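Only one structure is covered here, and it is reproduced in the block below.
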Amino acid sequence: MLDLHKASITKIFWFNLSAQCILHLLLVCSSPPEDPVKCSSQTSNCTITNSYGAFPDRTICRAAQVIYPTTEKELLTAVAKATMSNTKVKVVTKYSHSIPKLVCPDGEDGILISTRYLNRTIEVNTPKMTITVESGVTLKELIEQAAKVGLALPYTPYWWGLTIGGLLGTGAHGSTLWGTGSAVHDYVVGLRIVTPATPNEGYAKVRSLDTNSHPDIDAAKVSLGVVGVISQITLKLQPMFKRSITYASKDDSDLGDQVTTFGQQHEFADISWYPSQHKAVYRTDDRVSSNVSGSGINDFIGFRPTLSLALALIRSSEESQESTSNANGKCINAKLTASTLMSTGFGFSNNGLAFTGFPIVGYHNRLQASGSCLDSFRNGLITACPWDPRVKGEFFHQTTISIGLSNVKNFIEDVQKLRDIEPKAFCGAELYNGILMRYVKASSAYLGNQEDGVDFDITYYRSKNPMTPRLYEDIIEELEQLALFKYGGLPHWGKNRNIAFNGVIKKYKRAGDFLKVKQMYDPMRLFSSEWTDQVLGVQGNVNIIKDGCALEGLCICSEDTHCAPDNGYVCRPGRVYKDAR
């Protein structure tokens, strides 16, 4: 699930300048993503993928049919049809940003229900400061509708292409340790969800849940899509406000000591960490009076439309560096990436036109998220979002894990020990803007965060050939296992490779309560799949044991054949975390 896809920023920035000149002439901006569902016969005999064109195991998911309801009544009919025929169902969103196989029904006979056209704003209640939207409304659309009446959703992911239903289902969040926290689902005050029902109830029914009288809402608001289809969501808003944002680069020697204090001091704080460069970029981000002048806008460089030719050149460059083990080349580019981001204000502008220096001051709705590569006409793929699978562009893994505040310092120090052993090992991640650290709070949702913590988000190269190892693959794998197993980290439900979800349900104190609600709402298990059964500990596990399985995180190696022995990659203990493999 894309909250912050981090492009090979430096080259993209300069190519964007060229793209803007060309596109002004063409009067278009970018080719928007295509529907993730493709059918050979109108809405029948379909395949489903994510916005990157590949699931962690690279399998193709199939379904017999896709249904595009436009109203809650049509949604009710679709669920009733599936219940009557005992057919598996999965919900798919407009862009399908989740990396794991959450949208895959079992076999080839299942039904997909798309929320693409469930995209209306039902009500904005200004006196109560709430907004009610259908589940297919995008974050951008919600932000705009709230702003029209002077209201704001205070904390959100940084990418506005997520739908509200999708981001709730995977627990997507922004960054704060203040107030109720950064997860959007913790601002849900009510929702309507369509679930299977008995024949006497018409095979499907709408359940209306609220935070005052329905404890089941804590299961439904982060559900991985296994309890039904959310139809409508009501969120609590706040009066519109202004923010002031300043980035400052510092040595990372005291990062472990600073990280918790910094999050407590600044409401919207985050940190971008560049371990190989021994530096961290601190984002000081707080509310200011509406009287403070400023009309800043966020247009993050990595989310802008980019020339497809430029994307191909960037990808080819990284493929060459990988194939020739050119770590020095990656490190040079990583330093240029970091300096370019800082000098260009990370894509922020002070006045909607240019970045002239920090601080960036502006209204919250113009700063909280971006995604201009989505807002476009079709231009024959002259430009695209950097990860669009229709062009040769970015192809990556995302490891995103939340670690409790009590363990964050020790985790950071262990990563620094790894860095000191292999300083060049992190340059690959730094090409994608380093390790993004966002703050999260404990949630009432049964599958939400269990404690206050820091979310570590790492994006890094993925080969088109699943049997090709990555440069310094062992170091990033050890970091992943450190976070998950030594420090008990929680994986982001919409990101990560398979191993992140192995036994994960045991880390959730109220998992039993969630499974009870799941059984009550969907006793026939129509919304469950092999993948969700594995993740939720119902049956089986997510490990896929085969030659090379450790290369893409489908397993943790236990023998050399799980790696790439012919390329010199064998299974061995970690260097800092000895239990890692």
Side-chain angles (χ1 to χ4, degrees), residues 69 71-80 82-83 89-91 93 102 113 115 118-125 128-137 139 142 153 162-173 180-181 183-198 201-237 442-449 493 508-528 532 536:
T71 64
E72 186 178 80
K73 183 178 179 180
E74 290 179 4
L75 178 59
L76 198 66
T77 299
V79 175
T83 306
V89 186
K90 279 296 175 184
V91 182
T93 61
L102 294 173
I113 296 177
T115 61
L118 291 172
N119 57 0
R120 294 175 299 165
T121 298
I122 304 299
E123 179 190 34
V124 182
N125 189 320
K128 291 184 177 181
M129 292 197 296
T130 61
I131 186 170
T132 301
V133 297
E134 292 181 323
S135 61
V137 166
L139 177 58
L142 184 145
L153 183 61
L162 305 174
T163 66
I164 304 305
L167 66 83
L168 291 183
T170 56
H173 57 85
T180 306
V184 177
H185 57 258
D186 285 323
Y187 296 85
V188 172
V189 294
L191 60 81
R192 292 168 64 85
I193 184 167
V194 178
T195 68
T198 64
E201 296 172 303
Y203 293 99
K205 66 180 178 181
V206 178
R207 299 175 187 262
S208 183
L209 311 178
D210 63 65
T211 52
N212 294 323
S213 55
H214 295 91
D216 293 354
I217 198 170
D218 285 329
K221 64 187 183 182
V222 182
S223 72
L224 312 187
V226 299
V227 299
V229 190
I230 293 177
S231 169
Q232 297 177 16
I233 302 114
T234 301
L235 292 153
K236 184 67 174 177
L237 305 177
S443 171
S444 62
Y446 297 159
L447 297 185
N449 272 14
W493 290 115
Y508 291 88
K509 293 174 253 184
R510 302 200 65 178
D513 293 325
F514 176 82
L515 293 174
K516 287 177 184 176
V517 174
K518 174 181 174 296
Q519 176 63 24
M520 179 171 59
Y521 280 27
D522 183 22
M524 297 169 65
R525 301 180 59 253
L526 300 182
F527 287 88
S528 295
T532 58
L536 295 172

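All values below were derived from every heavy atom in this structure, side-chain atoms included, with hydrogens, water molecules and symmetry-related copies excluded. Note that the coordinates shown come from a computational prediction; the quantities given were computed from them, not determined experimentally.
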Review point. Would you say the side-chain atoms of D210 pair up with the backbone N or O of S213, donor to acceptor, closer than 3.5 Å?
Key: yes
Heavy-atom pair of closest approach, residues [X] and [Y]:
X    : Y    : value
N125 : K128 : OD1-N, 3.0 Å
T93  : T115 : CA-OG1, 3.7 Å
G202 : A80  : O-CB, 3.5 Å
V222 : G171 : CG1-N, 4.1 Å
A220 : L209 : CB-CD1, 3.8 Å
V226 : S528 : CB-OG, 4.4 Å

Rounded distance (nearest 0.5 Å) linking atom [atom1] of [X] with atom [atom2] of [Y]:
X    : Y    : atom1 : atom2 : value
S223 : Y521 : OG    : OH    : 10.5 Å
E134 : L75  : CD    : CG    : 9.5 Å
T170 : L162 : OG1   : CG    : 7.0 Å
K221 : D216 : NZ    : CG    : 12.0 Å
I230 : L118 : CD1   : CG    : 12.0 Å
E123 : T132 : CD    : OG1   : 5.5 Å

Would you call [X] and [Y] a side-chain contact if the rule is heavy atoms closer than 4.5 Å?
X    : Y    : value
V227 : D522 : no
L153 : L142 : yes
V189 : L235 : no
I131 : T234 : no
T180 : Y187 : yes
V79  : L76  : no
V133 : I122 : no
V517 : D218 : no

Practice item. Please test L224 against L447 for side chain to side chain contact (heavy atoms under 4.5 Å, CB included), starting from the C-alpha separation and ending with a verdict. Key: CA-CA 9 Å; L224 312 187; L447 297 185; 4.3 Å; yes
**Study point:** T211 and V188: CA distance, side-chain angles, deciding distance, side chain to side chain contact (heavy atoms under 4.5 Å, CB included) verdict
**Key:** CA-CA 8 Å; T211 52; V188 172; 5.7 Å; no
Practice item. Under the ring pair (Phe, Tyr, Trp, His ring centres under 6.0 Å) rule, collect the residues that match up with Y508, sequence neighbours excluded. Key: W493
**Study point:** From CA spacing to verdict: side chain to side chain contact (heavy atoms under 4.5 Å, CB included), I113, K90
**Key:** CA-CA 6 Å; I113 296 177; K90 279 296 175 184; over 6 Å; no
Review point. Where do S208 and Q232 land on the side chain to side chain contact (heavy atoms under 4.5 Å, CB included) test, with the steps shown first?
Key: CA-CA 9 Å; S208 183; Q232 297 177 16; over 6 Å; no
Review point. For residues S443 and N449, is any side-chain donor paired with an opposing acceptor at under 3.5 Å?
Key: no
Which side-chain N or O atoms in residues 191-198 pair as donor and acceptor under 3.5 Å with protein atoms at least two apart or in another chain?
from: R192; atom 1: NE; to: E72; atom 2: OE2; distance (Å): 2.9
from: R192; atom 1: NH2; to: E72; atom 2: OE1; distance (Å): 2.7
from: T195; atom 1: OG1; to: R207; atom 2: NE; distance (Å): 3.0
from: T198; atom 1: OG1; to: E201; atom 2: N; distance (Å): 3.3
from: T198; atom 1: OG1; to: E201; atom 2: OE1; distance (Å): 3.0

